[in-house]
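All of these numbers come straight from a predicted model, not from anything done at the bench.
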Amino acid sequence: MNYYFLSDFHLGVPNLVKSQEREKRIVAFLDEIKSDAKAVFLVGDLFDFWFEYKYTIPKGYVRLLGKLAEMVDAGIEVHVFTGNHDMWMFGYLESEIGVKLHKKPIFLTLNNKNFMIGHGDGLGPGDHGYKLIKKVFSNPVCQWLFARLHPNFSFGLANYWSKRSRLANGDSDEVYTGDENEYLVQFTRNFPQDKNIHYFIFGHRHLPLNMPVHNNSRYINLGDWIRYQSYAKWDGTQLTLLYHPKS
């Protein structure tokens with residue numbers, strides 16, 4: 001039985017047609033692996049925007065949500081991590097689908113190997129502007145105030161903000177900026193070695209990476225399903241970074 005790791009679907013962008021095409025590819029992949037999957041880890045930014053009101057969630061994504069429910073019902077563990085685009089998950093996916101929700105990185109031991117798994121946003125040195133914004137977005141008072149806005153307005157505002165951010169970043173996610181400028185590389189290399197982490201698995205960066213950190217540990221970035229359709233697979237002895245062919 002295998003463990004699978006995927007991240008950064010960003011469903012909802014750039015438009016309905018492209019988003020649904022990507023969603024169908026993801027669902028087809030999940031359908032392929034459900035026969036040999038013990039657990040699936042969806043490591044953040046499944047949606048380009050997600051905010052749960054008490055009685056309202058963003059419409060759409062029924063193919064993905066239905067497939068996740070099917071996998072959970074079949075006894076497959078499905079772990080969902082919040083990312084910087086969908087951090088406002090407040091229990092719907094847990095109660096309705098049965099996923100295990102994680103809002104912070106987790107530590108697991110699988111077949112005597114130690115894993116640290118998380119979306120990766122806000123880790124490492126620098127990026128102080130984003131870290132400040134994250135504190136605001138994760139503040140319960142700010143979340144309560146945002147929830148007072150009507151969804152027609154709040155969702156429109158959030159989608160506008162997301163598009164602005166995407167335009168500002170441009171194609172920077174496709175370029176490796178060097179070890180000294182990569183926050184997650186710095187984080188993994190500065191992480192205490194006595195914790196004996198064999199695999200650091202993160203998303204957020206959108207660039208598939210599989211690189212050594214120390215003698216006995218590696219940093220894997222899962223890339224995304226916008227350009228790469230990349231994922232990682234742990235078969236109990238080896239962790240590999242793979243690419244699903246585009247149909």
A side-chain contact here means heavy atoms from C-beta on lying under 4.5 Å apart; do [X] and [Y] qualify?
X	Y	result
E94	K100	no
K18	N15	yes
L222	F202	no
L42	F9	yes
R218	L239	no
L30	K34	no
F115	I197	no
K38	I76	no

Closer than 3.5 angstrom, by distance alone: can the side chain of [X] be matched with the main-chain N or O of [Y] as a donor-acceptor pair?
X	Y	value
H244	Q229	no
H102	K104	no
D86	L46	yes
E23	L11	no
W225	S230	yes
E52	Y92	yes
N139	K135	no
N159	F155	yes
T82	M87	no
K103	M89	yes

Carefully, step by step, assess T237 and N111 under the rule side chain to side chain contact (heavy atoms under 4.5 Å, CB included).
-> CA-CA 7 Å; T237 59; N111 291 58; 5.8 Å; no
[X] and [Y] aromatic centres sub-6.0 Å:
X	Y	result
F41	Y4	no
Y231	F29	yes
Y53	F90	no
F47	F49	no
F191	F187	yes

Determine, step by step, whether R205 and D224 satisfy the salt bridge (charged side-chain N to carboxylate O under 4.0 Å, His left out) criterion, reporting the C-alpha distance in whole Å, the side-chain angles of both residues, the deciding distance to 0.1 Å, and the verdict.
-> CA-CA 8 Å; R205 183 62 180 83; D224 65 27; over 6 Å; no
Test log, rule side chain to side chain contact (heavy atoms under 4.5 Å, CB included), inputs V13 and R22 | CA-CA 10 Å; V13 296; R22 187 161 66 253; 3.9 Å; yes
Residue pair D36 / N2, side-chain donor-acceptor N/O under 3.5 Å =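 Looking only at side-chain atoms, N2 and D36 do form a donor-acceptor pair, the distance falling under 3.5 Å.
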Distance-only side-chain donor-acceptor flag, N221 / N210, under 3.5 Å = no
Check whether [X] and [Y] end up in the same hydrophobic cluster, where Ile, Leu, Val, Met, Phe, Trp and Tyr are linked by side-chain heavy atoms less than 4.5 Å apart.
X	Y	answer
I57	F137	no
L242	M211	no
L241	Y176	yes
L184	I117	yes
I220	L123	yes

Evaluate whether atom [atom1] of [X] has more than 12 neighbouring non-hydrogen atoms of other residues, nucleotides or ligands under 6.0 angstrom away.
X	atom1	answer
K134	NZ	yes
N152	CG	yes
N215	CG	no

To the closest 0.5 Å, what do you measure between [atom1] ([X]) and [atom2] ([Y])?
X	Y	atom1	atom2	answer
D45	H85	CG	NE2	5.0 Å
W234	Q238	CH2	CD	8.5 Å
K113	L108	NZ	CG	15.5 Å
T109	H198	OG1	NE2	9.0 Å
L93	L65	CG	CG	6.5 Å
Y199	F5	OH	CZ	10.0 Å

Start with the C-alpha distance between E70 and K67, add both sets of side-chain angles, then the distance that settles salt bridge (charged side-chain N to carboxylate O under 4.0 Å, His left out), and finish with yes or no.
-> CA-CA 5 Å; E70 176 187 322; K67 181 56 64 177; 3.1 Å; yes
Smallest separation among heavy atoms of [X] and [Y], with atom names:
X	Y	answer
Q143	S138	NE2-CA, 3.5 Å
V40	M71	CG2-CE, 3.8 Å
Y243	Y228	CD2-O, 3.6 Å
T188	V213	O-CG1, 3.4 Å
V43	S7	O-CB, 3.5 Å
L207	V175	CD2-C, 4.2 Å

Evaluate side chain to side chain contact (heavy atoms under 4.5 Å, CB included) for W88 paired with F146, printing each intermediate quantity in order.
-> CA-CA 11 Å; W88 304 279; F146 188 84; over 6 Å; no
For R63 and Q20, what are the C-alpha separation, side-chain angles and deciding distance, and is it a side chain to side chain contact (heavy atoms under 4.5 Å, CB included)?
-> CA-CA 9 Å; R63 296 171 183 82; Q20 287 187 349; 3.9 Å; yes
Quick one: sort the H204 and H119 rings into parallel, tilted or perpendicular, breaks at 30° and 60°.
->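 H204 vs H119 ring planes: perpendicular.
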